[in-house]
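This report concerns only the one structure given below.
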Amino acid sequence: MTTDVFSHPWLSGLFGDDELADILGPDATLRHMITVEAAHARALGEVGIVSSEVATRAADAIVQIKLDMVDLKNGTARDGLAVPSLARALKLGVEEDLLPAVHKGLTSQDVIDTSLILSLKAAIDIFQGRIECLSAELEKLIAKYGKAALMGRTRMQAAYEITVADRLGSWQRPLQTHQARLNEITPRLLRLQLGGAVGNRAAWGEKADIVAAAMARDLGLAAPQAQWHSERDTIVEFANWLSLVTGTLGKIGQDIALMAQQGIDEIRISGAGGSSAMPHKQNPIKAELLVTLASYNATQLAGMHQALVHEQERSGMAWALEWMILPQMVLSTGCSLKQSALLFQSITSLGRGSSQAP
């Protein structure tokens, strides 16, 4: 039985994001790992390390092999990761003449890291769409309520009057900046991992770079000139972006929760959460959730910075820490973006005098 909030039987009703969970889940991850192995086989044929006929047959065979999750689990317990078991299964599942094209020169980290990048590529597409949706929802709110008056508050004390558009502008502008940041870091992030056993690509000799270029084209990724096995700064840069996004949405959630207080009455939200003991209450559940998710990602980000410390050519310790943290940050960000859109869509009144009373 799962205990994390993102897939818990009932807590996932608040924290869950099925779309992103599918992208990061075991089936998608395994599919990406197989895709990487097949792309590598085709690349060996493209550059002449094996014949094109062997490469094509090997790639076709690789994607047809049925893998046993229990075997991968047991292999991970033994080897620390699933790829040794995966590679054995692939080699046992192809004809003997195809073995020169199966997992030749690849190391486990090449397969796992590139698989991760393929998952993040799909997640980024979702994030882009959801941020655009949020900006559009804010535009609608500004168009409808932008001229209404609000009390400007500094340090939570009444200051001078502002408009709804003034406050919503401070919600919207960071989202636009996050879009620009993501566009900037995406080319650095979405790149092939290929280094081989110790990261120097020695297994492919003089053809190493063209093997990498062929694989990258096949997978729709950039082809770096070297491996990044122990260079995790771009992964952590993406984690930082995740925390920035949830931080911005947390600020919005905090504002909305304060605006919804009785006596302030600057916003009205339909479908707010009920209380088991006080039926007259309408709790700003989604606004509170945005604050929680911002705090969660900010806390996890420190762990990702710890995971920068990969000793020498490869780390088992820091790498495993990354596995534990990064997917949860992606899910947290996805939930925050999804719930923000629902929250914006539930706003029925903005401005001074927007009573929340039932």
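If you're wondering where the values come from, they're calculated on a predicted model, not measured in any experiment. Start at 1 with the first residue, then count along the sequence.
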Original post:
Are Leu258 and Leu293 linked, directly or through other ILVMFWY residues, by side chains that come within less than 4.5 angstrom of each other?
Top reply: no
**OP:** Assess whether salt bridge (Lys or Arg N to Asp or Glu O under 4.0 Å) is satisfied between Arg88 and Asp79, documenting all intermediate values.
**Re:** CA-CA 12 Å; Arg88 281 191 290 271; Asp79 303 316; 3.3 Å; yes
Original post:
Do Lys147 and Asp166 pass the salt bridge (Lys or Arg N to Asp or Glu O under 4.0 Å) test, and can you show the C-alpha distance, the side-chain angles, and the key distance before you say yes or no?
Top reply: CA-CA 9 Å; Lys147 294 180 181 179; Asp166 290 328; over 6 Å; no
**OP:** Might you confirm whether atom CD of Gln306 has over 12 heavy atoms from other residues, nucleotides or ligands at distances under 6.0 Å?
**Re:** no
Original post:
Should Leu92 and Leu72 be regarded as members of a common hydrophobic cluster, given that ILVMFWY residues are connected when their side-chain heavy atoms come within less than 4.5 Å of each other, either directly or indirectly?
Top reply: no
**OP:** Rounded to the nearest 0.5 Å, what's the gap from CZ on Arg201 to CG on Asp110? Could you check?
**Re:** 8.5 Å
Original post:
Charged N to carboxylate O under 4.0 angstrom, Glu46 versus Arg217?
Top reply: yes
Subject >> Candidates Leu343, Leu337, Ile252 - the one meeting side chain to side chain contact (heavy atoms under 4.5 Å, CB included) with Leu134 >> reply: Leu337
Subject >> Salt bridge flag under 4.0 Å for residues Asp113 and Arg232 >> reply: yes
Original post:
Between Ala58 and Val102, which heavy-atom pair has the shortest distance, and what is it?
Top reply: CB-CG2, 4.4 Å
Original post:
Looking only at heavy atoms, which two atoms of Met151 and Ile162 are closest? And how far apart?
Top reply: C-CG1, 4.3 Å
Original post:
Does the pair Arg181/Glu184 count as a salt bridge with the N-to-O cut at 4.0 Å?
Top reply: no
Original post:
Taking side chain as C-beta onward, heavy atoms only, is Thr246 less than 4.5 Å from Leu290?
Top reply: no
Original post:
Can you get from Val63 to Val50 by hopping between Ile, Leu, Val, Met, Phe, Trp and Tyr side chains that sit under 4.5 Å apart?
Top reply: yes
Subject >> Asp68/Lys73 ion pair, N-O < 4.0 Å >> reply: no
Subject >> Minimum heavy-atom distance Met304-Ala239, with the two atoms named >> reply: CG-CB, 3.9 Å
**OP:** Could you check Thr114, Val83, Val111 and say which one makes a side chain to side chain contact (heavy atoms under 4.5 Å, CB included) with Leu106?
**Re:** Val111
**OP:** Over all heavy atoms of both residues, which pair between Ser108 and Pro84 is shortest? Give the atoms and the distance, please.
**Re:** OG-CD, 3.6 Å
Original post:
Can Asn297 and Ser243 be said to form a side-chain hydrogen bond (donor to acceptor under 3.5 Å, both in side chains), step by step?
Top reply: CA-CA 5 Å; Asn297 265 1; Ser243 185; 5.6 Å; no
Original post:
For the atom pair OG (Ser7) and CG (Leu331), what is the distance rounded to the nearest 0.5 Å?
Top reply: 8.5 Å
Subject >> Shortest non-hydrogen contact between Leu168 and Leu350, atoms and distance >> reply: CD2-CD1, 4.1 Å
Original post:
Between atom CZ of Phe127 and atom CG of Leu242, what is the distance when rounded to the nearest 0.5 Å?
Top reply: 5.5 Å
Subject >> Check against side-chain hydrogen bond (donor to acceptor under 3.5 Å, both in side chains), Ser170 and Arg167 >> reply: CA-CA 5 Å; Ser170 74; Arg167 185 164 294 164; over 6 Å; no
Subject >> Greater than 12 external heavy atoms within 6.0 Å of Glu311's CD >> reply: yes
Original post:
Using the ring of each side chain (for Trp, its six-membered ring), is Trp241 parallel, tilted or perpendicular to His178, with breaks at 30° and 60°?
Top reply: perpendicular
Subject >> Same apolar cluster (I L V M F W Y, side chains within < 4.5 Å links), Trp323/Met33 >> reply: yes
Subject >> Asp27/Arg31 under salt bridge (Lys or Arg N to Asp or Glu O under 4.0 Å): CA gap, chis, key distance, verdict >> reply: CA-CA 6 Å; Asp27 291 338; Arg31 184 171 64 252; over 6 Å; no
Original post:
Step by step, would you call Asp255 with Arg153 a salt bridge (Lys or Arg N to Asp or Glu O under 4.0 Å)?
Top reply: CA-CA 10 Å; Asp255 282 353; Arg153 298 179 185 276; over 6 Å; no
Subject >> side-chain hydrogen bond (donor to acceptor under 3.5 Å, both in side chains) assessment of Asp209 paired with Trp204 >> reply: CA-CA 8 Å; Asp209 289 347; Trp204 303 283; over 6 Å; no
Subject >> Leu342 reachable from Phe15 in the ILVMFWY side-chain graph, under 4.5 Å edges >> reply: no
Subject >> Taking every non-hydrogen atom, the tightest pair across Leu20 and Gly334 >> reply: CD1-CA, 3.3 Å
**OP:** In sequence, state the C-alpha distance, the side-chain angles, and the governing distance for Gln172 and Glu139, and then conclude on side-chain hydrogen bond (donor to acceptor under 3.5 Å, both in side chains).
**Re:** CA-CA 9 Å; Gln172 186 180 46; Glu139 286 290 351; 3.0 Å; yes
